[in-house]
Student: 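Below you will find the structure I want to go over with you.
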Amino acid sequence: MTAPPGHSAGHADAPVVAVVGATATGKSAVGLRLAEMLRSDRGSGEVVNADSMQFYRGMDVGTAKLSVAERRGIVHHQLDTLDVTEDASVARFQADARADIADIQARGLRAVVVGGSGLYLRALLDRFEFPGTDPEVRAGLEARAEAEGPGILHRELAALDPEAAAKIPAQNTKRIVRALEIIALTGGMTSSLPRHEYAIPTVQVGLRIDYDVLDPRIDARVDAMWAAGLVDEVKSLAEQGLREGVTARRAVGYAETLRHLDGELDEAQTRALIAQHTRRLARKQLQWFRPDPRVRWVDAPASEADVERAAREAFALVTGADVP
């Protein structure tokens, strides 16, 4: 009888496993345990991070990044790959993370992708081609944004591609410029994503949770991050150039704490705003994953003690078998 994929030597044709969902649902813990369960005679599975803010070195407390000790010896890829002054790139992540997956599979192991950054996950797992870039076009648009403000460019985008403009905040200069650059280069619309078609065979497991459970959990997470030294972390990163980082400085938890350090917000206001923005992010993430018919859902762990149950249910979905 053929062994189920979870019990095999982790052949290159065994599907990648992706643990997806909203922030604060327990993806890191479930993904870690799942990597341990997906053992072969060559070792445990390995995790590929797909949380775009965990790419940044030093952004640990505010992103709930697992410490080295918490990883329990499981290899993690795509963590701490960027300085806070560097710009995260979906195209670069696609190339680097696909190379990681190919290497993991070549060694006879299983890759477990973990994260809630929907665009990065789609770029990694699906057939997803990137339009080219033109430094002159981009420089011109960036100069206009600096001189005229992003609002004018956003209105221009809305006239050219209303669907894309509806998805991009009017303050997000980087994404507005990129959308207008693509239109200039292709003469086409920017809003449509590729069909749900895997480039890499994958089983996606989503962690399901109700908002009335998630919201208090987010509040507790913000309290824990504050107690764990979020302010000191942001202060240290500011000395390393966080304010100049186009992507990193806008991360939830970091943008608000920078305002706190500048005296704009007191402690209570900062913590409340981080929680509010995290709840908003969680809803956007769930709105991204819920329409994808390929995601197979299990209940998110209710507590640390419940991680084992969630991971076992995910394992059964991935392999069609119970944990041995």
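None of these values were measured; they are calculated from a predicted model.
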Student: When you look at Met53 and Tyr254, which way does the side-chain contact (heavy atoms from CB on, under 4.5 Å) test go after all the steps?
Tutor: CA-CA 10 Å; Met53 292 303 109; Tyr254 294 85; over 6 Å; no

Student: Rounded to the nearest 0.5 Å, how far apart are CZ of Arg217 and CD1 of Ile209?
Tutor: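 Output value for this atom pair is 4.0 Å.
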
Student: How long is the span from the CZ atom in Arg296 to the CZ atom in Arg208, to the nearest 0.5 Å?
Tutor: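 Nearest 0.5 Å value for the CZ-CZ distance: 12.0 Å.
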
Student: Calculate, to the nearest 0.5 Å, the distance between atoms NE2 and CG belonging to His77 and Asp103 respectively.
Tutor: 6.5 Å

Student: May I ask you to say whether Asp322 pairs ionically with Arg312, meaning some side-chain N is under 4.0 Å from a carboxylate O?
Tutor: no

Student: Look at Asp126 together with Arg294 and state whether they make a salt bridge at an N to O cut-off of under 4.0 Å.
Tutor: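 Salt bridge: yes.
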
Student: Should Arg107 and Arg42 count as side-chain neighbours, where that means a heavy-atom distance under 4.5 Å?
Tutor: no

Student: Let me check something: do Leu119 and Phe93 share a hydrophobic cluster, defined by ILVMFWY side-chain heavy atoms less than 4.5 Å apart, either directly or through other members?
Tutor: yes

Student: Indicate yes or no: does Arg309 engage Asp299 in a salt bridge with an N to O separation below 4.0 Å.
Tutor: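 Asp299 and Arg309: not salt-bridged.
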
Student: Cation over ring, Arg283 on Tyr211, under 6.0 Å and within 45°?
Tutor: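 Ring-cation test returns yes.
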
Student: Does this structure show an ion pair linking Asp262 with Arg243, if we count only N-O contacts that are shorter than 4.0 Å?
Tutor: yes

Student: In this structure, are over 12 heavy atoms from other groups packed under 6.0 Å from Lys174 atom NZ?
Tutor: yes

Student: Could you tell me if the side chain of Glu142 sits less than 4.5 Å from the side chain of Thr173, heavy atoms only?
Tutor: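 Thr173 does not reach Glu142 side chain to side chain.
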
Student: Just checking, any donor-acceptor pair under 3.5 angstrom between side chains of Gln78 and Asp100?
Tutor: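 A donor-acceptor contact under 3.5 Å links the two side chains.
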
Student: Under a 4.5 Å cut-off applied to non-hydrogen side-chain atoms, are Leu207 and Trp297 in contact?
Tutor: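 No, their side chains stay 4.5 Å or more apart.
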
Student: Do Ile274 and Thr257 touch side chain to side chain, with heavy atoms closer than 4.5 Å?
Tutor: yes

Student: Is any side-chain heavy atom of Asp60 less than 4.5 Å from a side-chain heavy atom of Asp80?
Tutor: yes

Student: Assigning hydrophobic clusters by single linkage (Ile, Leu, Val, Met, Phe, Trp, Tyr; side-chain heavy-atom cutoff under 4.5 Å), is Val177 placed with Ile152?
Tutor: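 Val177 and Ile152: separate clusters.
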
Student: Do Arg72 and Leu66 have side chains that get closer than 4.5 Å, going by heavy atoms?
Tutor: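 Answer no - side chains too far apart.
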
Student: Is Arg178 paired with Glu181 through a side-chain N to carboxylate O contact shorter than 4.0 Å?
Tutor: yes

Student: Tyr198 ring centre to Arg127 NZ or CZ under 6.0 Å, with the angle to the axis within 45°?
Tutor: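 No, Arg127 and Tyr198 do not form such a contact.
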
Student: Under a 4.0 Å N-O cut-off, is there an ion pair linking Arg144 with Glu156?
Tutor: yes

Student: Given side-chain contact (heavy atoms from CB on, under 4.5 Å), test Val234 with Leu258 step by step and report yes or no.
Tutor: CA-CA 7 Å; Val234 175; Leu258 282 172; 3.8 Å; yes

Student: Would a 4.5 Å heavy-atom cut-off, applied to side chains only, mark Val114 and Val112 as touching?
Tutor: yes

Student: Go through the steps to decide whether Phe315 and Arg33 satisfy the test side-chain contact (heavy atoms from CB on, under 4.5 Å), and finish with yes or no.
Tutor: CA-CA 10 Å; Phe315 183 92; Arg33 184 68 186 108; over 6 Å; no

Student: Could you walk me through whether Val68 and His76 pass the side-chain contact (heavy atoms from CB on, under 4.5 Å) check?
Tutor: CA-CA 9 Å; Val68 173; His76 281 61; over 6 Å; no

Student: Under a single-linkage rule joining Ile, Leu, Val, Met, Phe, Trp and Tyr whose side-chain heavy atoms are separated by less than 4.5 Å, which residues share a cluster with Leu265?
Tutor: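 Leu273, which link up through side-chain heavy atoms under 4.5 Å apart, make up the rest of the cluster.
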
Student: How long is the gap from OG on Ser40 to CG on Leu109, to the nearest 0.5 Å?
Tutor: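 Atom-to-atom, Ser40:OG and Leu109:CG are 5.0 Å apart.
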
Student: What I'd like to find out is whether the side chain of Leu157 reaches to under 4.5 Å of the side chain of Ile183, using heavy atoms alone.
Tutor: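 Yes - at least one pair of side-chain heavy atoms lies under 4.5 Å apart.
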
Student: Report yes or no: do Leu32 and Leu79 belong to one cluster of Ile/Leu/Val/Met/Phe/Trp/Tyr joined by side chain heavy-atom distances under 4.5 Å?
Tutor: no

Student: How long is the straight-line distance from OG1 of Thr202 back to CG of Leu125, given to the nearest 0.5 Å?
Tutor: 4.0 Å

Student: Would a distance-only check, ignoring hydrogens and angles, find a side-chain to backbone donor-acceptor pair under 3.5 Å from Lys65 to Tyr56?
Tutor: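 The answer is yes, because a donor-acceptor pair under 3.5 Å joins these two groups.
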
Student: Kindly compute the distance separating OH (Tyr120) from CZ (Phe55), expressed to the nearest 0.5 Å.
Tutor: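 Output value for this atom pair is 5.5 Å.
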
